[in-house]
2 protein chains.
Amino acid sequence: MRAQRPARRSPAPEALSQDTKSRILDAAESLFTEHGFEATSLRSLTAAAGVNLAAVNYHFGTKEELFQAVLTRRLDPMNQERIDLLDRYRREAGGRPLTCEKILSAMLIPALRLARDEKRGGKEFLRVLGRAYADPAPFIRNFLSAQYAEMISRFKDAFLEALPHLTKQELTWRLHFVMGALSYTLAGTDALKLMAQVLPNDRDNDEKLLQRLAPFLAAGLKAPLGDAKKLELVAND
Amino acid sequence: MRAQRPARRSPAPEALSQDTKSRILDAAESLFTEHGFEATSLRSLTAAAGVNLAAVNYHFGTKEELFQAVLTRRLDPMNQERIDLLDRYRREAGGRPLTCEKILSAMLIPALRLARDEKRGGKEFLRVLGRAYADPAPFIRNFLSAQYAEMISRFKDAFLEALPHLTKQELTWRLHFVMGALSYTLAGTDALKLMAQVLPNDRDNDEKLLQRLAPFLAAGLKAPLGDAKKLELVAND
DNA sequence: GCACGATTCAAACGCCCGTTTGAAACCATC
DNA sequence: GATGGTTTCAAACGGGCGTTTGAATCGTGC
């Protein structure tokens, strides 16, 4: 008679003990990070996960829905953590407006916690996320917009109180820059090569990275309103 | 057979905007922007350009080489412009270190000029570039590293003089953040949706965008060195 | 007007894609 | 040990992919 588990070529060692759905999600997270959505085939994905090719369509419907599932699994808890942390800071401040640094902390700390927690995907997932920010595919854009709407709205209100010298429009732009620096940083393993410098990529460095990013972003957010004279854009033609 | 060099012609190759090669480059710039590299097929690309399917392989070799050609066509002149402008500012300063804003101007003004110049691809190309920054494909990463090495190295030296309170390592990180905010901004037509706000996207706005980005980045670059106390990363567990 | 390299063209090549299918295997319940 | 819903499986489907081919066409120098 056959064994209880069908004989199969050895799957990825980390995926051995999990059920099919989790194995697919883990392999997808890893491969989407490495190659991007379009360049990752379901055949290579299911082979890495040690499951049958048809399992993705059975459990998730389509490849696009699998990608969204990869994002939701980590994104929902992280953004909820951000909102909860912001609320807690608000309560602790007792009605007074929060400082810019405090609000930034509420954005960055849950991301750092996620980056540290290998059981929740760690840095690998943050890179998938950073990539997704820059993807023009409508199903990704719409999905992210919906996922982030609540969180962004709350943080915008908080920043408006903390930075009264900024107009709503100016703040929108600066939050745009903040998200840019953040997502680029999260996505960038080899973006560092652009700087022609190699920095080790261990756990301590992730913390140091965000400790470097926060002062940079806080200073940018608090900067006085732009003055066209400082950038002599036209005078140099 | 594929020709090593095109036949000699009397008119300048720049003026021939209707020849096959240019039509392919223009269509590729547009479609790579809209769908990304992987999701753009040579069949749709050549159809949009009004040329035969085999023309891409004849004129550029492979799809990857076409993508590199799309980048080089705009990137080489823009980065050279950046270096030239930085040199000019240096000469005008007569030996004294440049201000942070001045150096930033040398980075941003050529990008703004390119964004304004529809004949050089305009904003469309900047979005291709922003996407490429976030792409993990090795042939893209290596290509961009090589393209940017010279420019980044020169600007790093200039910033080191302008920001003597920063260590080399700290500056590397901050330039990383600068490139992140910049590339994300350049890539983002619909990234604005994340802010749940619609801003018109005309020519004036491109200039205003960079006039907003520059003060933000200058303030971030000039920020004092990070203090772990400001981000209470560990204390909140 | 002929020759010849440069270019264009329609067609095909071989491969891999995401998805579907229907049968087999599994597993708790009776 | 039969039942029936759930999950896995090998195989195939239809189609699109990047690239190649070899003949037709073009443009110029002779």
Side-chain angles (χ1 to χ4, degrees), chain A residues 1-12 15-28 31-32 34-70 135 137-140, chain B residues 1-11 13 15-28 31-32 34-70 135 137-140:
Chain A
M1 306 307 279
R2 305 195 74 87
Q4 290 196 346
R5 288 189 170 266
R8 194 186 286 123
R9 298 186 304 106
S10 59
L16 262 171
S17 58
Q18 300 174 336
D19 64 359
T20 300
K21 246 178 136 167
S22 299
R23 282 196 300 204
I24 291 175
L25 284 172
D26 289 342
L31 288 178
F32 285 151
E34 199 174 347
H35 304 115
F37 175 76
E38 298 283 351
T40 299
S41 73
L42 290 186
R43 282 173 173 79
S44 66
L45 196 157
T46 49
V51 304
N52 188 271
L53 167 62
V56 167
N57 296 100
Y58 176 77
H59 286 286
F60 296 95
T62 66
K63 187 185 176 187
E64 292 191 356
E65 289 173 279
L66 167 62
F67 187 76
Q68 292 177 348
V70 167
D135 203 302
F139 88 93
I140 295 181
Chain B
M1 290 296 152
R2 182 158 159 248
Q4 295 290 343
R5 281 165 184 271
R8 289 199 82 169
R9 301 201 187 181
S10 27
L16 299 173
S17 60
Q18 283 186 343
D19 69 0
T20 302
K21 249 180 134 164
S22 298
R23 286 213 303 259
I24 291 175
L25 284 172
D26 290 342
L31 289 178
F32 285 152
E34 199 174 346
H35 305 116
F37 175 76
E38 298 283 351
T40 299
S41 75
L42 290 186
R43 281 173 173 79
S44 66
L45 196 159
T46 49
V51 304
N52 187 271
L53 168 62
V56 166
N57 297 99
Y58 177 76
H59 286 287
F60 297 95
T62 66
K63 188 186 177 186
E64 292 192 354
E65 289 174 278
L66 168 61
F67 186 76
Q68 292 177 347
V70 167
D135 202 300
F139 88 93
I140 295 181

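Chain A is the first sequence line, chain B the second, and so forth, proteins listed ahead of strands; every chain is numbered from 1.
- For the pair A:R43/A:L53, a side-chain contact is recorded, criterion being any heavy-atom separation below 4.5 Å from C-beta on.
- Atom NZ of A:K63 is separated from atom P of C:dC16 by 15 Å (rounded to the nearest Å).
- Closest to the side chain of A:N52, out of D:dT8, C:dT19, D:dT20, is D:dT8.
- Along DNA chain C, the nucleotide nearest to A:S44 and the one nearest to A:A54 differ in position, and the one closer to the 5' end is contacted by A:S44.
- One atom, CD of B:E38, and another, C1' of D:dG16, lie 14 Å apart when rounded to the nearest Å.
- Regarding B:Y58, its OH atom lies at a distance of 17 Å from the C1' atom of C:dA10, rounded to whole Å.
- The distance between atom CG of B:L42 and atom P of C:dT8, rounded to the nearest whole Å, is 16 Å.
- When the nucleotides D:dT19, D:dT8, C:dT8 are ranked by their closest atom to the side chain of B:H59, C:dT8 comes out on top.
- One interatomic measurement links the two molecules: CZ of A:R43 to P of D:dG16, which rounds to 16 Å at whole-angstrom precision.
- Residue A:T20 has no polar side-chain atom (N or O) positioned under 4.0 Å from OP1 or OP2 of D:dT7.
- The distance from atom CG of B:L45 to atom P of D:dC17 is 11 Å, rounded to the nearest whole Å.
- Between A:E64 atom CD and C:dC17 atom P there is a gap of 17 Å when expressed in whole angstrom units.
- The shortest side-chain heavy-atom distance between A:L66 and A:N57 does not fall under the 4.5 Å cut-off.
- Remark: the backbone N or O of B:D19 is not paired with any side-chain donor or acceptor of B:S22 at under 3.5 angstrom.
- Nearest to the side chain of A:S41, among C:dC17, C:dT7, C:dT19, sits C:dC17.
- Here the P atom of nucleotide D:dT7 and the NZ atom of A:K21 are 8 Å apart, to the nearest Å.
- Ring planes of B:F37 and B:F32: tilted class, angle from 30 to 60°.
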